[in-house]
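Lettering of chains follows the sequences in order, A, B, ..., and the numbering in each one begins at 1.
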There are 2 protein chains.
Amino acid sequence: MERLEGFHGLLSRDRELETRLDQKDYKLLELLRQNARESYAALAAQLGISESAVRKRIMKLKKLGVIRRFTIDYDVPGEVVALILVKTQPPVQTPDVSRKILQNRMVEKVYEVTGEYDILVIARARSSQDINSIIDYIRSIEGVQSTYTMIVLRSY
Amino acid sequence: MERLEGFHGLLSRDRELETRLDQKDYKLLELLRQNARESYAALAAQLGISESAVRKRIMKLKKLGVIRRFTIDYDVPGEVVALILVKTQPPVQTPDVSRKILQNRMVEKVYEVTGEYDILVIARARSSQDINSIIDYIRSIEGVQSTYTMIVLRSY
DNA sequence: GGTGAAAGTGCGACATT
DNA sequence: AATGTCGCACTTTCACC
């Protein structure tokens with residue numbers, strides 16, 4: 001019976017995968033990546049479908065969690081961006097550390113990764129002192145073994 | 001005379017800095033970071049200014065290069081995201097290497113940084129084979145000494 | 001995925017401080 | 001120089017097909 005349930009679980013996963021993205025979805029994501037404020041009508045024209053179809057696809061992509069948020073890529077002169085590699089140590093779980101890191105409002109993005117380090121943090125601050133305080137904050141989290149910080153000089 | 005011109009240059013720089021961002025600009029950037037598709041009217045209400053004022057501020061921020069683009073934060077199931085650290089070697093200039101890296105369409109973002117490595121690349125691909133081909137591409141660029149790749153397991 | 005009508009939004013011109 | 005007001009066209013939204 002447990003085997004059957006396991007099997008059933010696999011089937012449900014397949015069913016989820018039926019909501020696979022098609023070429024128009026991929027193109028839509030690419031268009032939105034380039035300009036997230038483009039009107040549905042303009043997107044529709046480029047995709048060769050109607051404006052309401054675009055809206056429904058975007059809604060679906062948001063519901064599926066594919067589109068996480070509409071945001072901006074920006075660069076405030078004087079602000080300091082830092083990339084902070086973090087090494088965690090068992091038995092503390094890496095996701096627990098990630099969630100703690102995210103609580104800092106200067107943290108923009110957190111990646112859990114393979115390799116020598118476990119987490120990469122992208123942080124943004126008004127000054128290098130503020131970067132220092134982010135690092136202090138991260139190093140104070142339980143399960144953080146060490147950090148390695150890179151200051152961003154330029155980005156594209 | 002040359003001294004005077006130099007001094008004049010400094011003055012012009014100061015004049016440019018007069019287009020400093022105020023608190024409303026910072027708040028506007030934060031609101032857009034959270035939802036880049038929010039209407040000007042809704043943004044205006046939150047900032048306590050009129051809708052056309054918001055429009056003009058956003059225009060100004062784009063013109064100043066502060067807002068680089070409106071984009072989406074997204075996560076396609078099955079796609080592989082990799083963070084690739086790159087070490088460059090003189091006499092090749094790091095920005096030249098960055099520009100070459102950017103030519104690869106799977107490359108999403110390039111940071112030039114301080115520290116042991118000179119560049120961090122964020123790349124996105126349909127499969128790990130594609131990630132491999134990005135790495136091969138980067139390693140084939142003149143001036144690239146070594147790379148270190150981390151595969152993203154999860155991101156927030 | 002398309003249609004149509006109502007509500008909401010974008011945008012330029014001009015007035016205001 | 002930055003903001004506010006107004007008018008109109010366009011866009012979005014929400015029914016339903």
Side-chain angles (χ1 to χ4, degrees), chain A residues 14-79 126, chain B residues 7-79:
Chain A
D14 282 351
R15 220 177 298 131
E16 276 178 51
L17 289 179
E18 279 183 45
T19 56
R20 215 182 268 105
L21 309 189
D22 65 16
Q23 282 313 109
K24 293 208 193 292
D25 287 318
Y26 286 120
K27 186 160 182 197
L28 179 53
L29 289 171
E30 178 54 24
L31 291 171
L32 287 172
R33 197 177 71 82
Q34 285 168 34
N35 179 12
R37 266 190 97 84
E38 194 134 22
S39 77
Y40 294 139
L43 294 167
Q46 291 170 82
L47 289 170
I49 56 181
S50 78
E51 167 261 320
S52 77
V54 169
R55 195 156 0 93
K56 283 166 188 169
R57 276 175 187 264
I58 290 179
M59 219 96 89
K60 178 195 73 183
L61 291 170
K62 281 170 73 174
K63 206 157 232 161
L64 285 172
V66 173
I67 294 179
R68 292 196 170 172
R69 60 149 83 150
F70 296 88
T71 187
I72 49 173
D73 191 351
Y74 70 114
D75 179 30
V76 177
E79 272 192 357
R126 295 280 173 90
Chain B
F7 187 59
H8 182 70
L10 283 178
L11 283 180
S12 331
R13 271 205 67 179
D14 281 354
R15 222 176 296 130
E16 277 177 50
L17 288 179
E18 279 182 43
T19 56
R20 215 182 268 105
L21 307 191
D22 65 15
Q23 282 313 110
K24 290 202 193 299
D25 287 318
Y26 287 119
K27 186 160 182 196
L28 179 53
L29 288 172
E30 178 54 25
L31 291 171
L32 287 172
R33 195 178 72 80
Q34 285 168 36
N35 179 11
R37 266 190 98 83
E38 194 135 19
S39 75
Y40 294 140
L43 295 166
Q46 290 169 84
L47 290 170
I49 56 182
S50 77
E51 169 262 321
S52 77
V54 169
R55 211 165 353 110
K56 284 161 192 167
R57 275 175 186 263
I58 290 178
M59 220 101 85
K60 179 195 73 183
L61 291 170
K62 280 170 72 176
K63 206 159 232 160
L64 285 172
V66 173
I67 294 179
R68 291 194 170 172
R69 65 157 121 180
F70 296 89
T71 186
I72 49 173
D73 191 351
Y74 69 113
D75 178 31
V76 177
E79 271 192 356

Q: Could you pull out all residues at least two apart from B/K27 that satisfy side chain to side chain contact (heavy atoms under 4.5 Å, CB included)?
A: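 B/L31, B/L47.
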
Q. Considering residues at least two apart in sequence or located in another chain, which fulfil the side chain to side chain contact (heavy atoms under 4.5 Å, CB included) criterion with A/R37?
A.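 With sequence neighbours excluded, A/R37 shows a side chain to side chain contact (heavy atoms under 4.5 Å, CB included) to A/N35, B/L32, B/Y40, B/F70, given in chain and number order.
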
Q: Give the first and the last nucleotide of DNA chain C, reading 5' to 3', that has any atom under 4.0 Å from a heavy atom of chain A.
A: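 That gives a stretch of C/dG1 to C/dG10.
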
Close N or O pairs between protein and nucleotides 5-8 of chain D (under 3.5 Å):
from	atom 1	to	atom 2	distance (Å)
D/dT5	O4	B/S52	OG	3.4

Q: Of all the heavy-atom pairs spanning B/D25 and B/R20, show the shortest one and how long it is.
A: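 For B/D25 versus B/R20, the nearest heavy atoms are OD2-O, 4.5 Å.
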
Q) Which atom names give the shortest non-hydrogen contact between B/L21 and B/Y26, and what distance separates them? A)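 Closest heavy-atom pair between B/L21 and B/Y26: O-CE1, 3.7 Å.
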
Q) To the nearest Å, how far apart are B/L64 CG and D/dA1 C1'? A)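 Interatomic distance, CG of B/L64 to C1' of D/dA1: 14 Å.
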
Q. Tell me: CZ of A/R57 to C1' of D/dT12, nearest whole Å?
A.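 From A/R57 CZ to D/dT12 C1': 19 Å.
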
Q.
I'd like to know if the side chain of B/E79 and the backbone of B/D75 have a donor-acceptor N/O pair within less than 3.5 Å.
A.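 Flag not set: sc B/E79 to bb B/D75 has no pair under 3.5 Å.
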
Q. By salt bridge (charged side-chain N to carboxylate O under 4.0 Å, His left out), which residues pair with A/E51, not counting sequence neighbours?
A.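 Result, salt bridge (charged side-chain N to carboxylate O under 4.0 Å, His left out) vs A/E51: A/R55.
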
Q: Please list, chain by chain and in numerical order, all residues satisfying salt bridge (charged side-chain N to carboxylate O under 4.0 Å, His left out) with A/E30, sequence neighbours excluded.
A: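 In terms of salt bridge (charged side-chain N to carboxylate O under 4.0 Å, His left out), with neighbours along the sequence ignored, A/E30 is linked to A/R33.
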
What distance separates [X] [atom1] from [Y] [atom2], expressed to the nearest 0.5 Å?
X     : Y     : atom1 : atom2 : result
A/I58 : A/L28 : CD1   : CG    : 5.0 Å
A/M59 : A/S52 : CE    : OG    : 10.0 Å
A/D73 : B/I72 : CG    : CD1   : 12.5 Å
B/L43 : B/R57 : CG    : CZ    : 12.0 Å

Q) What residues in residues 30-48 of chain B put a non-hydrogen atom under 4.0 Å from any atom of DNA chain D? A)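 Under 4.0 Å from DNA chain D: B/R37.
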
Less than 3.5 Å apart, which donor and acceptor atoms pair up between the side chains of residues 61-68 of chain A and the rest of the protein, not counting sequence neighbours?
from	atom 1	to	atom 2	distance (Å)
A/R68	NH1	B/S155	O	2.9
A/R68	NH1	B/S155	OG	3.3
A/R68	NH2	B/S155	O	3.1

**Q.** Contact list for residues 38-50 of chain A, test salt bridge (charged side-chain N to carboxylate O under 4.0 Å, His left out), sequence neighbours left out
**A.**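 Of all non-adjacent pairs touching residues 38-50 of chain A, none passes salt bridge (charged side-chain N to carboxylate O under 4.0 Å, His left out).
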
Q. At how many degrees, to 10°, do the end axes of the helix from C/dG1-D/dC17 to C/dT17-D/dA1 meet when each uses five pairs?
A.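 Taking five pairs per end, the axes differ by 40°.
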
